[in-house]
Amino acid sequence: MSTLKPDSGPSSAPSPESWTHLRLDRRMPTYWRVTFDHAPINTITATMVAELSELMDVIERDAALNVVVFDSANPEYFLAHYDIENDAGKTAALGVGPTGMPAWIDFLVRLSRAPVVSIASIRGRARGAGSEFVLACDLRFASRENTILGQFEVGIGVVPGGAPTARLARIVGRGRALEILLVADDFDGPRAEQYGYVNRLIDDDRLDDEVDAMASRLARFDHDAIARTKSYVDQVTLPADRELTGPIADFRELFARPAQQAQWARLQALGLNTDSDLERSLGRRVVETIA
Amino acid sequence: MSTLKPDSGPSSAPSPESWTHLRLDRRMPTYWRVTFDHAPINTITATMVAELSELMDVIERDAALNVVVFDSANPEYFLAHYDIENDAGKTAALGVGPTGMPAWIDFLVRLSRAPVVSIASIRGRARGAGSEFVLACDLRFASRENTILGQFEVGIGVVPGGAPTARLARIVGRGRALEILLVADDFDGPRAEQYGYVNRLIDDDRLDDEVDAMASRLARFDHDAIARTKSYVDQVTLPADRELTGPIADFRELFARPAQQAQWARLQALGLNTDSDLERSLGRRVVETIA
Amino acid sequence: MSTLKPDSGPSSAPSPESWTHLRLDRRMPTYWRVTFDHAPINTITATMVAELSELMDVIERDAALNVVVFDSANPEYFLAHYDIENDAGKTAALGVGPTGMPAWIDFLVRLSRAPVVSIASIRGRARGAGSEFVLACDLRFASRENTILGQFEVGIGVVPGGAPTARLARIVGRGRALEILLVADDFDGPRAEQYGYVNRLIDDDRLDDEVDAMASRLARFDHDAIARTKSYVDQVTLPADRELTGPIADFRELFARPAQQAQWARLQALGLNTDSDLERSLGRRVVETIA
């Protein structure tokens with residue numbers, strides 16, 4: 001699509017108009033909204049990662065932007081989890097990003113370090129890489145009635161690759177981080193709020209308006225004040241690079257084992273990556289698929 | 001006033017009797033109470049910082065002291081925020097303190113490192129530097145019905161200078177710290193407790209008695225046990241010096257800009273530093289004054 | 001007893017059958033349960049530490065184990081606190097463990113670093129070293145109606161020796177850690193949950209079943225996924241060795257003082273180490289015994 005647009009840049013330049021898995025709404029020069037829209041359940045694929053990388057290019061080149069809100073077009077799924085599309089080569093082909101880290105990690109790192117406020121407005125399910133995404137955002141607000149968060153990876157015999165190991169400890173403390181990661185079960189809204197997994201809950205019918213009000217407020221603030229204040233918190237609370245590259249290597253190694261490949265096949269047979277009962281209750285049901 | 005008292009030391013020695021913005025009540029040799037009393041709304045001025053620095057001199061010279069409780073004579077304002085009194089020279093003239101850091105930072109650092117337990121007994125508003133003060137105390141208890149906390153600085157286009165960026169992360173975690181600092185809005189008691197911004201709430205009519213009971217208990221404890229136990233927690237949780245000096249320099253740089261000077265003038269025209277509706281709702285209303 | 005069993009190893013090998021203060025139930029190869037049973041109130045003695053050290057030997061030699069749940073045979077006392085048995089030599093004779101640290105610290109460090117999930121299923125009182133034990137576990141679940149936690153050590157004039165100073169900050173943050181350690185009072189279940197001192201409360205009549213369900217889930221997971229994921233969180237959240245050895249030295253120095261020895265004698269006269277009213281309310285009543 002981008003080639004049809006006279007104002008689009010060279011093929012290497014970001015072209016939000018061509019994105020197929022997310023939509024960019026520039027509400028104001030200082031306030032953008034990004035909506036995940038990848039039917040049927042907002043899985044994260046290589047294509048989505050490529051588009052998110054382009055989004056970071058756009059964000060980093062924009063000196064006026066203050067705040068980006070992320071939401072979902074699907075009220076049941078914010079971001080389901082990663083889908084390798086039965087082809088590890090697709091993800092491998094993404095290579096490394098500007099930070100020198102693999103594309104998914106690179107995106108999370110650039111988002112968390114960007115001089116803008118990123119807000120996850122969570123409605124529906126965000127598990128695995130979907131949870132890693134919300135943990136890399138600066139702020140997390142969630143529907144009181146309709147939120148499920150979880151890191152189910154240990155339940156499929158792997159290490160969570162996007163380093164929630166490094167981020168959760170700085171957000172919820174050691175004890176609750178270990179429970180989220182090791183018990184690997186679903187967290188509903190109230191428990192997520194209790195643990196600090198999200199900043200706080202907002203009644204579902206108020207979520208969009210309240211997040212919009214916060215973003216509109218941030219949109220009026222001075223950019224440098226936001227950027228510098230965030231950078232001081234970053235210095236204290238962002239993981240070091242060395243904490244981020246180990247988990248993804250472990251994920252690859254552990255996932256390649258025959259037992260994990262077989263479990264993955266069983267998950268797919270039960271409806272993984274579709275709006276199935278398995279996906280609705282993945283945190284609880286993952287244990288069924290262990291041999 | 002100090003010259004009237006035969007037991008007062010040389011002019012360089014601390015003389016609590018001469019203080020005009022705070023009162024020191026030595027309830028017991030091991031338990032002191034400091035009451036902020038600077039009409040009309042307990043702003044923090046160069047004079048108050050100078051008196052607080054003297055307070056630290058007194059505290060550091062006293063080997064018996066175990067606990068200091070800070071409260072306010074004004075039930076609506078614990079410590080409103082910093083007031084530069086339209087004369088940046090007054091604050092600049094305070095220079096640096098014994099730590100080598102600017103006077104306000106120096107005071108906060110000495111308080112947080114002192115071998116005594118500092119307790120903020122919060123009733124009313126504590127914003128900006130007032131919030132920085134409570135964050136530098138060891139323990140924070142707040143009126144359930146009558147507490148407002150906030151770091152509104154980003155709303156006036158500056159970095160919070162007293163390094164709540166460094167302290168909040170160790171108290172409430174990354175996500176909630178970023179919200180407090182960047183959204184820069186008011187937090188009432190229940191939300192402050194939920195976020196861990198205060199240790200916990202106490203019913204307003206029980207606040208004074210319960211804090212007094214805790215302080216009276218601490219007053220009986222062994223001084224070395226308190227001092228050494230605190231120092232071990234300090235090793236893990238206090239900011240490094242390098243985290244503390246950047247924000248105050250940024251504050252000065254950003255505040256000196258014409259846009260920020262103009263916004264400050266608008267705030268003053270609307271009643272800043274007086275018991276105005278603006279001050280009552282500063283976190284919410286600050287956005288009105290952005291050009 | 002171990003000499004009666006043909007499959008027991010040499011006298012230096014661990015022999016769980018001979019333990020007198022704890023019981024080991026190997027429910028599954030991947031899921032063990034350890035029950036504290038040292039009448040009358042589950043104090044931690046040199047004997048119990050020796051048995052816990054042997055438990056770590058057994059755990060570390062078992063490549064299949066995923067999860068260990070710790071509970072108590074006494075519903076009023078999970079682990080009361082340390083009992084020196086009027087003979088400091090008994091504890092001193094334990095020497096140092098494989099980490100090179102004194103036996104109690106060594107046990108806590110090995111437990112927290114082990115490649116298995118340790119779960120404290122808390123019913124009753126856990127104070128002092130009992131609280132240090134639960135803080136060294138990975139996960140803490142507690143009876144809603146019947147839990148009391150506390151670090152009363154500062155109330156007897158000493159530094160808590162098992163380094164809760166280092167662990168609490170990573171679990172509950174600076175402010176609440178300082179209150180737990182310095183005010184040194186009892187925390188009931190609801191306040192412990194509010195502060196993050198435990199992961200969360202479970203209704204007493206559901207506690208055993210819910211913890212068993214979590215452990216049974218963990219028992220089915222892949223061992224390497226658990227071990228590696230935990231190790232990444234450990235890198236960020238476990239204390240450095242240098243944070244662990246200071247407090248125990250301070251404990252010994254401060255406890256040896258005449259005033260502390262006299263206070264300890266008064267505590268014993270009031271019923272310390274027995275199921276007395278003093279023990280039931282130790283956090284509150286400790287202040288009565290200060291001269």
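If you're wondering where the values come from, they're calculated on a predicted model, not measured in any experiment. Just so you know, these numbers use all the heavy atoms, side chains as well, and skip hydrogens, waters and symmetry mates.
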Using a cut-off of under 4.5 Å on heavy-atom pairs, state which of A:Val117, A:Val198, A:Leu238, A:Val172 scores highest against chain B.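 Among A:Val117, A:Val198, A:Leu238, A:Val172, the one with the most close pairs to chain B is A:Leu238.
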
Top contributor to chain B contacts, counting heavy-atom pairs under 4.5 Å, from A:Met214, A:Arg200, A:Arg170: A:Arg200

Give, as side chain, backbone, both or neither, the part of [X] having an atom under 4.5 angstrom from any heavy atom of chain A.
| X | value |
| --- | --- |
| B:Phe251 | neither |
| B:Val154 | both |
| B:Leu254 | side chain |
| B:Ala163 | neither |
| B:Arg284 | backbone |

How long is the span from the [atom1] atom in [X] to the [atom2] atom in [Y], to the nearest 0.5 Å?
| X | Y | atom1 | atom2 | value |
| --- | --- | --- | --- | --- |
| A:Lys230 | B:Thr165 | NZ | OG1 | 14.5 Å |
| A:Tyr232 | B:Leu168 | OH | CG | 15.5 Å |
| A:Ser231 | B:Asp250 | OG | CG | 7.0 Å |

Does B:Arg174 reach the side chain of A:Asp234, with side-chain heavy atoms less than 4.5 Å apart?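 In contact.
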
Side chains of A:Phe221 and B:Val287, heavy atoms from C-beta outward: is any pair under 4.5 Å? yes

I need the minimum non-hydrogen distance between [X] and [Y], along with the two atoms involved.
| X | Y | value |
| --- | --- | --- |
| B:Gly157 | A:Ala225 | C-CB, 3.4 Å |
| A:Asp222 | B:Arg257 | OD2-NH2, 2.9 Å |
| B:Leu182 | A:Ile226 | CD2-O, 3.8 Å |

Sidechain N-carboxylate O distance under 4.0 Å for A:Arg228, B:Glu253: yes

With a 4.5 angstrom heavy-atom cut-off, could you sort out which part of [X] is near chain B: side chain, backbone, both or neither?
| X | value |
| --- | --- |
| A:Tyr197 | neither |
| A:Glu193 | both |
| A:Asn66 | neither |
| A:Val236 | side chain |
| A:Leu218 | side chain |

Any donor-acceptor N/O pair, A:Asn199 side chain to B:Gly175 backbone, under 3.5 Å: yes

Is the side chain of A:Arg217 donor-acceptor paired with the backbone N or O of B:Val183 at a distance under 3.5 Å, no angle test?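 Yes: the side chain of A:Arg217 pairs with the backbone of B:Val183.
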
So which residue, B:Pro164, B:Ala169, B:Pro247, ends up with the most heavy-atom pairs under 4.5 Å with chain A? B:Pro247

So which of B:Glu153, B:Gln151, B:Gln260, B:Arg191 has the biggest tally of heavy-atom pairs under 4.5 Å with chain A?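 Heavy-atom pairs under 4.5 Å are most numerous for B:Arg191.
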
